[in-house]
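Take a look at the structure below.
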Amino acid sequence: MVIRLYNSLSRSLEELRPLRPGKVTMYHCGPTVYSSPHIGNFRSFLFADVLRRFLEDQGLVVTQVMNVTDVGHLTLDDIEGGEDKLEAASKQTGKTAWEIARQYEAEFHDCQRQLHVRLPHHMPRATDFIHQMGEIIDDLLQKGVAYERNGNVYFEVAKFPAYGQLSGKVLDELEAGARVAVNEEKKDPRDFALWKVDSKHQMQWDAPWAGGARGFPGWHIECSAMATHYLGDQIDIHTGGEDNIFPHHECEIAQTEAHTGRRFVSIWMHARHLLVDGTKMSKSLGNFFTVADVLRQGYSGLELRYALVRVQYRQSLNFTLKGLDEARSAIARVQQARQRLVRVRDGLDLPGVDDLDAAVQQANAAFTAAMSEDLNVSEALAAVFEFVNQCNRGAPSIAAAKAGLVVFARFEDVLGCFGSEPKADTTADAPPELLALLAQRTAAKKAKDWAAADALRDRIAAAGWRIVDAPGGARLEKA
RNA sequence: GGUCCCGUAGCCAAGUGGUUAGGCAACGGAUUGCAAAUCCGUCUACCCCAGUUCGAUUCUGGGCGGGACCUCCA
């Protein structure tokens, strides 16, 4: 199956042709660990996760690298002598920048776990790569595409003609941009920092090249260092949020390609920002959600994952609490269909004669086709639910149940938002007191004391379980 | 101001130059003691105006509306 992905650089769908057949290298711009991860962050990271899962589903061997930015990116204020994100958080909390970084890095990993993210193979910290950044900076200085002013080192954009290709920024207009603070040190306003000197900065290192001043790395160099370190000079796919296109990825291309002399990335992929209640998520509008916020409201990681993954990554998904409720219902529908198959397979329910062959084939083919076309998850989900309906309406044989469960396992393997295969019967997992109530209800039903039976059912429901009445008897499911 | 994306039934959201996407919700029926789950059915839409075409939701142009980026941001 040909996999086509949208390349931001060419602004078109391109067939994925790995540099080394059968293997795909991916680099993802990861979190800046100065605050709690929010749902927008994870829209982007879950997109990367689904991409990786689908490529593996297609038999490709994937190597994933995601950086942890613990140096902090400079804020706008920094241009005028302010501080970076980590430094700012440090001042507010009284903790050191290092403590802040480690705290939020741990929280990020926790979110990854809760959202069922398959962990990237490498998650390097920027602060562990100061030396490698220095080597690149030194090389760029040697090559004459970077220059030093008062210890600060800048990349000279004029020396890299392709600058602006990714973002489509017209250079002349950039120069006149109103939000660009004047920096007399730069030869050109577009030049960007590779190394900065600021004696007040908490995180500082001796310059890792001869003759350099003590300071800290600039905005973009970490990704070049870590990507090339783990994956080589050329990588297949590089992802990030759409905001990364400019300036971050534009600068990354410039400095990396100037350094290696080779094309850095084959396919650039960018996730569209999500909207919350139809508008941009922001703290001032009060529609800002961290991952923890959502989980605290009683939604599961799977439900949040479903809500963030169900729309194709290049569409501006509209996140709502109602959407989470919909996710809950949708997941339940899938899991109920799976459980039905499990019960047939395990001999708890009578098998039928339907073989499901056509449905299995159709579901797999439609799912693959949808995902192959730039990860069209919405369309892939339609294939999933079409299959749910096929399973539910028929009377699957034992062989069909087995085959159907393989299909569902595959869907779960790629999307990861349904959960593991349901147990055939969860009654035994319920607390003993609920089992006692269930027994009482069964007795009440036998005595045709409907009022008592219904009252008992209500009590069980209040405890978070629901009764499933079936021909073989009633059982309990976690609601 | 520059660049770009989008506007699909109650809500979310695919897709197509002419054949019911899907999910959630709602309603009717089957099933059930009543429910839950499930099945069947109903609600069947493409912002507006021109143009191209035998035919446009789908292509072109204009308008209106929403959103994004333009050195904090996934």
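Per chain, numbering begins at 1; letters A, B, ... match sequence-line order. Computed over heavy atoms, backbone and side chain alike; hydrogens, waters and symmetry mates excluded.
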Can you tell me how far [atom2] of [N] sits from [atom1] of [X], to the nearest Å?
| X | N | atom1 | atom2 | answer |
| --- | --- | --- | --- | --- |
| A:Glu386 | B:G15 | CD | P | 17 Å |
| A:Leu274 | B:C6 | CG | C1' | 16 Å |
| A:Gln165 | B:C4 | CD | C1' | 17 Å |
| A:Leu317 | B:G23 | CG | C1' | 13 Å |
| A:Leu275 | B:A13 | CG | C1' | 14 Å |
| A:Asn376 | B:A21 | CG | C1' | 11 Å |
| A:Leu115 | B:A74 | CG | P | 16 Å |
| A:Gln390 | B:G22 | CD | P | 11 Å |

Assess whether a salt bridge exists between [X] and [Y], defined as any Lys/Arg side-chain N lying under 4.0 Å from an Asp/Glu carboxylate O.
| X | Y | answer |
| --- | --- | --- |
| A:Asp188 | A:Arg190 | yes |
| A:Asp110 | A:Arg113 | yes |
| A:Asp354 | A:Arg393 | no |
| A:Asp454 | A:Arg457 | yes |

With rounding to the closest Å, how many angstrom separate the [atom1] atoms on [N] and [M]?
| N | M | atom1 | value |
| --- | --- | --- | --- |
| B:C12 | B:G7 | C1' | 14 Å |
| B:A9 | B:U38 | C1' | 25 Å |
| B:C59 | B:G23 | P | 26 Å |
| B:A21 | B:G63 | C1' | 31 Å |
| B:U3 | B:U53 | C1' | 33 Å |
| B:C73 | B:U44 | C1' | 41 Å |
| B:C24 | B:A36 | P | 15 Å |
| B:C11 | B:C46 | C1' | 16 Å |

Q | Closest heavy-atom pair and its distance - A:Ser420, A:Gln335 | A |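 Taking every non-hydrogen atom into account, O-NE2, 3.0 Å.
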Q) Relative to the 5' end of RNA chain B, which residue comes earlier, A:Thr279 or A:Arg272, by the nucleotide with the nearest heavy atom? A) A:Arg272
Q. Mapping A:Ala451 and A:Arg310 to their closest nucleotides on RNA chain B, which lands nearer the 5' end?
A.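 The 5'-side residue here is A:Arg310.
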Q. At under 4.0 Å between heavy atoms, what does A:Gly323 touch on the DNA or RNA strands: base, sugar-phosphate, or nothing?
A.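 The answer is nothing, as A:Gly323 stays clear of every strand by at least 4.0 Å.
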Q) Across the strands shown, which category fits A:Ala271 at heavy-atom distances under 4.0 angstrom: base, sugar-phosphate, nothing? A) nothing
Q | Ring centroid separation A:Phe45 to A:Phe108 under 6.0 Å | A |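 Yes; A:Phe108 has its ring centre under 6.0 Å from that of A:Phe45.
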[X] has a side chain; which of [options] sits nearest to it?
| X | options | answer |
| --- | --- | --- |
| A:Gln315 | B:C70, B:G67, B:A14 | B:A14 |
| A:Asn318 | B:A14, B:A13, B:A74 | B:A13 |
| A:Val311 | B:A25, B:G67, B:A14 | B:A14 |
| A:Ser44 | B:A13, B:U71, B:A74 | B:A74 |
| A:Glu326 | B:A14, B:C5, B:C11 | B:C11 |
| A:Ser329 | B:C24, B:G15, B:G22 | B:C24 |
| A:Lys322 | B:C11, B:A74, B:G15 | B:C11 |

N/O contacts under 3.5 Å, protein versus nucleotides 34-39 of chain B?
from: B:C34; atom 1: O2; to: A:Arg457; atom 2: NH2; distance (Å): 2.7
from: B:C34; atom 1: N3; to: A:Arg457; atom 2: NH1; distance (Å): 2.8
from: B:C34; atom 1: N3; to: A:Arg457; atom 2: NH2; distance (Å): 3.4
from: B:A35; atom 1: N6; to: A:Asp469; atom 2: OD2; distance (Å): 3.3
from: B:A35; atom 1: N1; to: A:Asp469; atom 2: OD2; distance (Å): 3.4
from: B:A35; atom 1: N3; to: A:Arg457; atom 2: NH1; distance (Å): 2.9
from: B:A37; atom 1: O3'; to: A:Gln336; atom 2: OE1; distance (Å): 3.2
from: B:A37; atom 1: O2'; to: A:Arg340; atom 2: NH2; distance (Å): 3.0
from: B:U38; atom 1: O3'; to: A:Asn392; atom 2: ND2; distance (Å): 3.2
from: B:C39; atom 1: OP1; to: A:Asn389; atom 2: ND2; distance (Å): 3.3
from: B:C39; atom 1: OP1; to: A:Asn392; atom 2: ND2; distance (Å): 3.3
from: B:C39; atom 1: OP2; to: A:Arg333; atom 2: NH1; distance (Å): 3.4

Please work out whether the ring planes of [X] and [Y] are parallel, tilted or perpendicular, with thresholds of 30° and 60°.
| X | Y | result |
| --- | --- | --- |
| A:Phe411 | A:Phe367 | tilted |
| A:Trp268 | A:His249 | tilted |
| A:Tyr27 | A:His238 | tilted |

Q) Are the ring of A:Trp450 and the base ring of B:G33 both nearer than 5.5 Å at their centres and tilted by less than 30°? A)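 Given the distance and angle limits, yes, they stack.
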Q. Are A:His38 and the base of B:A74 stacked, counting only ring centres nearer than 5.5 Å and planes tilted under 30°?
A.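 Stacking is absent between B:A74 and A:His38, given that the ring centres and planes do not meet under 5.5 Å and under 30°.
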Q.
Check this one for me: any side-chain N or O of A:Asn244 less than 4.0 Å away from OP1 or OP2 of B:C73?
A. no
Q: Any strand is fair game: report the nucleotide pairing with B:U3 by Watson-Crick or G-U wobble, both distances under 3.5 Å, or none.
A: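 Pairing partner, where one exists within any strand: B:A68.
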Q. Using purine N1 to pyrimidine N3 plus N6-O4 or O6-N4 for Watson-Crick, or N1-O2 and O6-N3 for G-U wobble, both under 3.5 Å, which nucleotide pairs with B:A26?
A.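 The base-pairing partner of B:A26, which may sit in any strand shown, is B:U42.
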Q.
For a side chain to side chain contact (heavy atoms under 4.5 Å, CB included) check, start with the C-alpha distance between A:Leu274 and A:Val276, then their side-chain angles and the critical distance, and finish with the verdict.
A. CA-CA 7 Å; A:Leu274 58 69; A:Val276 175; 3.8 Å; yes
